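Since the structure comes first, as structure tokens, the remarks are kept for the end.
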Amino acid sequence: MSAITPTGDNERSSVADTFSGYLAAGAMVFAFMSALNIYISIDGVGLAFRPVRVGVAATIASLVAAGMSRGTSRLPMVGAYFCGACWFLGMVIAVVTGRPLY
């Protein structure tokens with residue numbers, strides 16, 4: 001008895017599909033962090049996840065991931081929508097609270 005594959009048939013996913021999944025997942029993590037508008041400082045070295053800088057880069061990376069996939073995986077598509085929503089949410093939060101955008 002064989003295992004059920006995500007594509008519904010016996011085809012294996014390509015390297016581009018696998019890489020686009022990882023790229024979309026990474027973009028989703030960075031988009032979520034930019035929506036929270038996090039500033040991390042360790043021993044005087046600061047790392048700021050601002051919505052304009054990080055959110056736009058994460059959205060572009062998720063769109064590249066969606067373009068790379070053959071359409072058999074839904075993760076790049078969900079990643080593109082999620083990154084866009086996180087960017088919008090991060091911009092709204094930054095404007096309402098008066099935090100820097102970039």
Side-chain angles (χ1 to χ4, degrees):
M1 189 161 194
S2 65
I4 298 173
T5 60
T7 58
D9 54 3
N10 290 332
E11 290 184 26
R12 294 182 59 168
S13 60
S14 67
V15 175
D17 285 334
T18 304
F19 183 72
S20 68
Y22 283 124
L23 184 62
M28 289 169 64
V29 168
F30 281 106
F32 183 70
M33 292 178 85
S34 72
L36 297 178
N37 205 357
I38 295 175
Y39 179 76
I40 300 170
S41 178
I42 300 173
D43 291 333
V45 177
L47 181 63
F49 290 94
R50 304 289 184 220
V52 172
R53 287 187 283 182
V54 179
V56 170
T59 304
I60 290 172
S62 69
L63 290 174
V64 168
M68 285 176 59
S69 70
R70 292 186 304 178
T72 57
S73 175
R74 291 192 327 210
L75 182 63
M77 179 193 65
V78 170
Y81 287 129
F82 182 79
C83 289
C86 282
W87 176 78
F88 181 75
L89 182 67
M91 292 293 283
V92 168
I93 290 172
V95 169
V96 168
T97 60
R99 292 183 180 176
L101 296 175
Y102 53 89

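Along the sequence shown, residues carry numbers from 1. Predicted model, so just to flag it, every value in this text is computed and none were measured.
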Heavy-atom pair with the smallest gap, counting every atom of Ala66 and Pro76: CA-CB, 3.6 Å
Spacing of Thr18 atom OG1 and Leu75 atom CG [to the nearest 0.5 Å]: 11.0 Å
Cys86 side, atom SG; Met33 side, atom CE - distance, nearest 0.5 Å: 12.0 Å
Atom of Pro51, atom of Met91 and distance for their closest heavy-atom approach: CB-SD, 3.8 Å
Residue Ile40 excluded, over 12 heavy atoms near CD1 under 6.0 Å: yes
Same cluster (ILVMFWY, side-chain, under 4.5 Å), Phe82 and Val29: yes
Heavy-atom pair of closest approach, residues Leu63 and Ala80: CD2-CB, 4.0 Å
Linked, directly or transitively: Leu36 and Phe49 (ILVMFWY side chains, under 4.5 Å): yes
Matching residue for Trp87 among Val54, Val56, Val92 - test: side-chain contact (heavy atoms from CB on, under 4.5 Å): Val56
Polar side-chain atom of Asp17 near backbone of Arg70 as donor-acceptor pair, under 3.5 Å: yes
Co-membership, hydrophobic cluster, residues Ile60 and Val52, 4.5 Å side-chain: yes
Atom of Cys83, atom of Ala31 and distance for their closest heavy-atom approach: SG-CB, 3.7 Å
CZ-OG1 distance between Phe30 and Thr59, expressed to the nearest 0.5 angstrom: 13.0 Å
Met68 side, atom CE; Ser14 side, atom OG - distance, nearest 0.5 Å: 8.0 Å
Closest contact, heavy atoms only, Ser69 versus Ser20: CB-OG, 3.5 Å
Joint hydrophobic cluster, Val96 plus Phe88, side-chain heavy atoms closer than 4.5 Å: yes
